[in-house]
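Only a predicted model underlies this, so the values are computations on that prediction, with no experimental measurement involved.
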Amino acid sequence: TKSSFVDLDALRQLLEGLPTEEILEELTKHKKDVLVELSTMLNITANKKLTKDALADRIFKLGFANKRGYDLLGGKDNK
């Protein structure tokens with residue numbers, strides 16, 4: 001299989017720099033195979049049967065939104 005030419009580290013940094021409400025929108029701009037690779041990088045279990053939108057939503061919730069919520073609850077300033 002041909003690997004995508006997306007720099008996953010750069011993508012993760014881009015996503016981490018976005019306001020929470022823009023992350024999901026950015027995720028859905030990418031192909032499903034990129035989202036599968038990103039989920040692996042973030043240690044998020046991804047079922048390949050998920051639709052692209054469902055996968056983007058899972059990455060958003062588990063990789064970004066929940067983490068930011070916990071950081072806020074824990075008093076960590078993530079800025």
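- Annotation: side chain of I59 is in contact with side chain of F64 (closest heavy-atom distance under 4.5 Å).
- Partners of E16 according to the side-chain hydrogen bond (donor to acceptor under 3.5 Å, both in side chains) rule, which considers only residues two or more places apart in sequence or in another chain, do not exist here.
- Legend: residues meeting side chain to side chain contact (heavy atoms under 4.5 Å, CB included) with L18, ordered by chain and number and at least two apart, are L15, E22, I23, E26.
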Taking it one step at a time, do L42 and L62 satisfy side-chain contact (heavy atoms from CB on, under 4.5 Å)? CA-CA 9 Å; L42 297 172; L62 298 178; over 6 Å; no

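- We find the CG-NZ distance between L55 and K32 to be 7.0 Å, quoted to the nearest 0.5 Å.
- Checked against salt bridge (charged side-chain N to carboxylate O under 4.0 Å, His left out), K61 has the following partners two or more places apart in sequence or in another chain: D57.
- Taking T28 as the reference, nothing meets the side-chain hydrogen bond (donor to acceptor under 3.5 Å, both in side chains) condition, with sequence neighbours excluded.
- For N43, the side chain to side chain contact (heavy atoms under 4.5 Å, CB included) test picks out no residue, with sequence neighbours left out.
- To the nearest 0.5 Å, atom CG of residue L35 and atom CG of residue D53 are 9.0 Å apart.
- K52 and K31 get closest at one heavy-atom pair: CD-C, 4.3 Å.
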Identify each donor-acceptor pair in which a side-chain atom of residues 44-51 lies under 3.5 Å from a protein atom, sequence neighbours left out, and give them as a table.
residue, atom, partner, partner atom, Å
N47, OD1, K49, N, 2.8
T51, OG1, A54, N, 3.1

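- Side-chain contact between D9 and M41: present, with at least one pair of heavy atoms (C-beta onward) separated by less than 4.5 Å.
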